[in-house]
Amino acid sequence: MKIATFNVNGIKARYLTVADWLREDAPDVAVLQEIKSVDEAFPRDLAEDAGYEIHTHGQKGFNGVAILSKTAVEDVTRGLPGDDEDEQARYIEGTVIGDRGAVRICGLYLPNGNPAPGPKYDYKLAWMARLEVRARQLLAEEVPFLMTGDFNVIPDDRDATRPKAWEDDALGLPQTRAAWRRLVNLGLTDAFRARTPAAGHYSFWDYQGNAWDRNDGIRIDHFLLSPAVADAMRDCTIQTEMRGREKPSDHVPVWLDLDL
DNA sequence: ATGTCTAGAGCATCTAGA
C-alpha cells in the first residue's frame, strides 16, 4: 500500500498538477492539506476520474484537508478532538483496509504558529497537545495508525538548510521541537528519518527569495507511525522533483510504502 | 532576507495567511 501526503496549496490552483500526479504516480491513498476550498467546491472529477473516492474537510478561503483513496475509507471523522470552539479545518481520520490489515490514517495540517510568541503560537502548542492526546488514545486502543501531513515542525537541525534562521520561528522554536518529541516519544516512528539519517532532505521551499534554486529548504511534512505500522514499513521517500515542475506547490509529496 | 503565491471580496486592487 502506497500512501502519499501532499500540501497542495490550493486544490483549484493545483488542479492539473494533482490530476497528473494521481494518474502517473497513482498512490493508493493521497492525504492532502491546504485544499483552500469548501467541501462543495472541491473539484471532485479530478480524483474521481482517476478512480479515487474523496473525503474532504474544508472551509472557506484557507486550511482544509482531504483523504483520497482507491479503496473504501471507513469510519471517517472530521476535526481534532479536544476543543469544541476550534472551527479550523485541519484534521481528518479514516480507516483503509489493505490485503494484510487495516490502518487508521490521520491527515493533519498543523497550525503554522507565526508570529511567535503570540496567540497564533499558543494555538499551535495547544493543537499539538490535543494531537498528543489523540495519539495516546489510539495507542491505548492498539489501533494500527499513522499521522501524516504538514506538521509545520522542523524536527532538528538536519531538517533545514539554514537551521539558525528558524531558531526563533514557530516552526523551529525549542518549545515546538519539544512538543514534537513528546509525540514521537510515545512510541511513534518518524518514517523518513528512520530510513534516512542524513541531513539535507526537505519537503518545503518558500516561493520567496529563490529558495528552490538555492535549495534553501525545510523538512516539515511527515509520517508518524504506530509500532505495528512501523513494522510494516517498506520505504519512505520525498518526491523532490515535483518542486521543479510548472506551477508547483511550495511543498512536495512524501511517500510511505507499507507491506499492508 | 526575501525579488511569492492563493483565495476572497468584488470589479481594481486590496487583505489575510503562509
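Proteins get letters first, then strands, A, B, ... in listed order; numbering begins at 1 in each.
Within the 3.5 Å criterion, the main-chain N or O of A:Ala66 finds no donor-acceptor partner in the side chain of A:Thr56. A distance-only check finds a donor-acceptor pair linking the side chain of A:Lys124 to the backbone of A:Asn112 [under 3.5 Å].
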For this session: Evaluate the criterion side chain to side chain donor-acceptor pair (under 3.5 Å) for residue pair A:Asn9 and A:Tyr207; output intermediate values, then yes/no.
Result: CA-CA 11 Å; A:Asn9 189 16; A:Tyr207 288 124; 3.2 Å; yes
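Residue-to-nucleotide proximity on DNA chain B shows that, of A:Arg214 and A:Gly61, the 5′-proximal contact is made by A:Arg214. Between A:Gly10 and A:Gly209, the residue whose closest nucleotide on DNA chain B is further toward the 5' end is A:Gly209.
Between B:dA18 and B:dT2, the distance separating the two C1' atoms is 14 Å to the nearest Å. The same atom, P, is picked in B:dA12 and in B:dG17; the two are 26 Å apart, to the nearest Å. Comparing B:dT15 with B:dG10, their P atoms are spaced 14 Å from each other, to the whole Å. Spacing of C1' atoms, B:dA7 relative to B:dG3, comes out at 22 Å, to the nearest Å.
Residues passing the side chain to side chain donor-acceptor pair (under 3.5 Å) test with A:Gln208, sequence neighbours excluded: none. The side chain to side chain donor-acceptor pair (under 3.5 Å) test applied to A:Asn215 returns A:Trp205, not counting sequence neighbours.
Taking the 5' to 3' direction, DNA chain B first and last meets chain A under 4.0 angstrom from a heavy atom at B:dA1 to B:dA18.
The stretch residues 242-254 of chain A participates, sequence neighbours left out, in these salt bridge (charged side-chain N to carboxylate O under 4.0 Å, His left out) pairs: A:Glu241-A:Arg245.
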Output a table of donor-acceptor pairs, distance under 3.5 Å, between side-chain atoms of residues 163-179 of chain A and any protein atom two or more places apart or on a different chain; print 'none' if there are none.
unit_1	atom_1	unit_2	atom_2	d
A:Asp169	OD1	A:Asn114	ND2	3.1
A:Asp169	OD1	A:Leu171	N	2.8
A:Asp169	OD2	A:Asn114	ND2	3.3
A:Thr176	OG1	A:Tyr121	OH	2.6
A:Thr176	OG1	A:Ala170	O	2.8
A:Arg177	NE	A:Ile154	O	2.9
A:Arg177	NH1	A:Asp157	OD1	3.1
A:Arg177	NH2	A:Asp157	OD1	3.4

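At the heavy-atom level, A:Tyr109 lies under 4.0 Å from the strands shown only through sugar-phosphate atoms.
In this structure, A:Trp255 and A:Trp21 have perpendicular ring planes: the angle between them is above 60°, well past the 30° mark.
Contacts between residues 147-170 of chain A and DNA chain B, defined by a heavy-atom separation under 4.0 Å, are absent.
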